[in-house]
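Reading through the structure tokens given below for one structure.
Residue numbers start at 1 and run along the sequence shown.
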Amino acid sequence: MDFALPPELDAIRRRVRDFVQDRLIPLEAERASYDEHENISPALLKTLRAEVKSAGLWAMQSKKYRGGAELPFIGMAACYEEMNRSIFGPVTFNSAAPDDGNMMVMERVATDAQKAWWLQPVIDGAVQSSFAMTEPGGAGSDPTLTYTRAERVGDRWRVTGRKWFITGAGEAAHFILLARTSDDDRRGISAFLFHKDQPGWRIVRRIPIMGPEEHGGHCELEFDGLEIPDENVLMKPGDGLKMAQIRLGPARLTHCMRWTGMGRRALEIAQAHIETRKSFGITLAARESVQTLMGEAALQLDISRLLTMRAAWTLDQGGRAKREVSMAKIVAADALHKAADTALQLLGAKGYSKDTPIEWMYRYARQARLVDGASEVHRMVLAQELRARGRDFFTWGADA
């Protein structure tokens, strides 16, 4: 059982690591690097993205013939982790949510015409995309609770309803939308593609949140007669839940990949601080209580890395990785929060200030136990899998 990366993937990981360390991390200390929503400024992002493209590190999740790096999931796991040692990392490499999840699912299920019109501009970084699933009082962890409706009118579908907490919608041009097309329990939801300039919908508000925002924020949308032609149905009518499940598993795992990198960075900042900060005659690093905090945070973070890599390997073997992704999602979310909280505690007032990115990470980390399925839902998934599989739940190989 070999835990080492193949040399060709490790070489790419090292190049990502060096770019993050040399180009991105120094920019975090400059106020001019940020926009009003606590993310990298558009002008700076444009410059850095050009450098990433020139370095051949662009869009790790996308096909080479489309301009991406086309890494397997294990390579993505290692490189995404390195990217998110900087809070500017994922978007700079065009490997941030929700774009990366949308790119992966469209590559798998879209028609050639849809890929040319809807997918390629996202890979190129010409436009952003969004995934409109979650609803007030409805679809979130359970996409079957979709109340937004799409009714057939001639050769078009007319959409009415409401979505909220739609990540990136404020700046997205291309959208994937889930809407109910019949009352069938499993085949009653369909997936559609639409462009921001189409009439019949609007952004009601950019929802204020506790943490720093992704580019485009988290928005509430209203649909009041948006018309979508048949050629912009993704897969077939009634395949919306199938499409969502194809998208959500890998997309959830990419969160875990990124969170391990952010957690690592938090501990790096804490380690540098405790090595030099003295209290009552000795450094914090020499105190057993501090060592216990750091050791526990490092332990949980490495467990999350191993679970994330196992899920990535399972996907590469052709498995569904349902239980593996749920395990990684639960543990990685907790490990990120543990790392950020430990770092903030050990830095004290400095950690609570904006002099370091720790407070940014701390506020960001709390969402991890909610997004792409609350931790309680993933624990329920594991319990159901255990009940269904029995002893076979604890397999060593990829699931069927």
Side-chain angles (χ1 to χ4, degrees), residues 73 77 80-81 84 90 96-98 100-101 131 133-145 164-167 207 209-214 218 241 244-245 247-264 266-267 293 296-312 314-315 319-345 360-389 393-394 399:
F73 281 103
Y80 273 42
E81 179 180 313
N84 215 32
D100 67 334
F131 185 69
M133 180 181 74
T134 305
E135 300 187 4
S141 294
D142 182 0
T144 64
L145 300 177
W164 72 344
F165 290 101
I166 306 305
T167 303
I207 302 171
I209 61 170
M210 169 183 168
E213 299 183 11
E214 272 90 355
H218 305 274
L241 289 180
Q245 292 309 312
R247 182 192 184 279
L248 291 174
R252 285 174 177 135
L253 189 61
T254 63
H255 280 309
C256 302
M257 299 172 186
R258 288 184 288 262
W259 292 341
T260 56
M262 185 178 290
R264 276 180 53 193
L267 293 190
L293 287 172
E296 179 62 25
L299 169 64
Q300 296 305 316
L301 196 59
D302 209 34
I303 292 171
S304 78
R305 296 176 77 230
L306 292 170
L307 287 172
T308 297
M309 190 59 81
R310 183 179 73 157
T314 302
L315 288 172
R320 291 179 60 217
K322 183 177 181 180
R323 68 190 180 112
E324 289 86 354
V325 170
S326 285
M327 286 180 180
K329 173 68 171 58
I330 294 165
V331 175
D334 286 342
L336 170 60
H337 193 271
K338 178 71 172 178
D341 185 65
T342 297
L344 196 153
Q345 184 70 18
W360 191 106
M361 295 176 184
Y362 184 85
R363 287 182 292 120
Y364 177 92
R366 187 55 185 88
Q367 70 169 324
R369 304 210 304 270
L370 301 172
V371 300
D372 272 12
S375 295
E376 291 78 10
V377 173
H378 287 288
R379 288 188 175 92
M380 181 179 69
V381 168
L382 293 178
Q384 291 170 347
E385 287 282 296
L386 178 62
R387 185 179 184 186
R389 294 183 180 214
F393 179 89
F394 298 100
D399 58 354

Test log, rule side-chain contact (heavy atoms from CB on, under 4.5 Å), inputs L386 and F394: CA-CA 9 Å; L386 178 62; F394 298 100; 4.0 Å; yes
With side chains defined as the heavy atoms from C-beta onward, is the minimum distance between R379 and I330 less than 4.5 Å? yes
What are the two closest non-hydrogen atoms of Y362 and A340, and how far apart are they? CA-CB, 4.0 Å
Carefully, step by step, assess E135 and L145 under the rule side-chain contact (heavy atoms from CB on, under 4.5 Å). CA-CA 8 Å; E135 300 187 4; L145 300 177; over 6 Å; no
Is a side-chain donor or acceptor of T254 paired with a backbone partner of A251 at a separation under 3.5 angstrom? yes
For the residue pair I166 and T134, what are the closest heavy atoms and their distance? CD1-O, 3.7 Å
What's the spacing between R264 CZ and R305 CZ if we round to 0.5 Å? 6.0 Å
Do you know which two heavy atoms are closest between A321 and A311, and how far apart they sit? CB-O, 4.0 Å
Beyond-backbone contact of E214 with P98, side-chain heavy atoms, under 4.5 angstrom: no
Please report the shortest heavy-atom distance between L253 and A312, naming the atom on each side. CD2-N, 3.5 Å
Apply side-chain contact (heavy atoms from CB on, under 4.5 Å) to residues M327 and L382 and explain how you reach the verdict. CA-CA 8 Å; M327 286 180 180; L382 293 178; 3.8 Å; yes
State whether the number of non-hydrogen atoms from other residues, nucleotides or ligands found under 6.0 Å of Q367 atom CD is greater than 12. yes
Before accepting this row, confirm whether a basic side-chain N of the pair K338/D341 lies closer than 4.0 Å to the acidic partner's carboxylate O. no
Note: D372-R258 ion pair, threshold 4.0 Å (strictly below): no
Looking at H378 and G373, what are the two nearest heavy atoms and their distance? CD2-O, 3.2 Å
Minimal non-hydrogen separation, W259 against A368, with atom names: CH2-O, 3.4 Å
Working to the nearest 0.5 Å, report the span between CZ of R247 and CZ of R252. 9.5 Å
Please check if the side chain of K329 supplies one atom and the backbone of G249 the other of a donor-acceptor pair under 3.5 Å. no
Separation between CZ of R310 and CG of L306, rounded to the nearest 0.5 Å: 10.0 Å
Walk me through it: do M380 and E376 pass the test side-chain contact (heavy atoms from CB on, under 4.5 Å)? CA-CA 6 Å; M380 181 179 69; E376 291 78 10; over 6 Å; no
CG-CD distance between L301 and E296, expressed to the nearest 0.5 angstrom: 11.5 Å
How many angstroms lie between atom CZ of R369 and atom NE2 of H337, to the nearest 0.5 angstrom? 6.0 Å
Could you grab the distance from atom CG of L336 to atom NE2 of H255, nearest 0.5 Å is fine? 12.0 Å
